[in-house]
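Since we're looking at a predicted model, the values are computed, not measured.
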Amino acid sequence: MLSIVKVFRLHMPLLIMIAGAVGLMLSTILLKSTLSATDFGLFALLVTYVSIVFSFGLLGAEQYFLRVVR
């Protein structure tokens with residue numbers, strides 16, 4: 001039992017990333033059927049922009065905040 005908890009804690013970041021990806025996929029499927037084509041296009045553009053910003057980390061801004069906060 002202890003080893004299962006240890007493995008779960010070790011892989012927690014991966015599980016959180018998987019849960020986020022599944023949530024994004026389900027929300028996209030749901031919104032595809034409820035929004036108009038123009039509104040869904042704007043939603044997809046916003047999601048793409050936010051994903052790019054988070055993947056590049058605002059061009060190093062997170063490192064600046066980590067150094068200033070400490």
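Note on I4: it does not cluster hydrophobically with L14, by side-chain heavy-atom contacts below 4.5 Å among ILVMFWY residues.
Residue L31 belongs to a hydrophobic cluster whose other members are L24, L35, F40, F43, V47, with links defined by side-chain heavy atoms closer than 4.5 Å. Grouped with L30 in a hydrophobic cluster is no other residue, since no side-chain heavy-atom contact under 4.5 Å to another Ile, Leu, Val, Met, Phe, Trp or Tyr is found. Other members of the cluster containing L42 do not exist, because no ILVMFWY side chain is joined to it at under 4.5 Å.
Remark: M12 CE to R9 CZ distance equals 8.0 Å, nearest 0.5 Å.
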Atom pairs and distances, donor-acceptor, side-chain atoms in residues 15-22, under 3.5 Å, two or more places apart:
none

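Applying the side chain to side chain donor-acceptor pair (under 3.5 Å) definition to pairs two or more places apart or across chains, those involving residues 16-36 are S36-D39.
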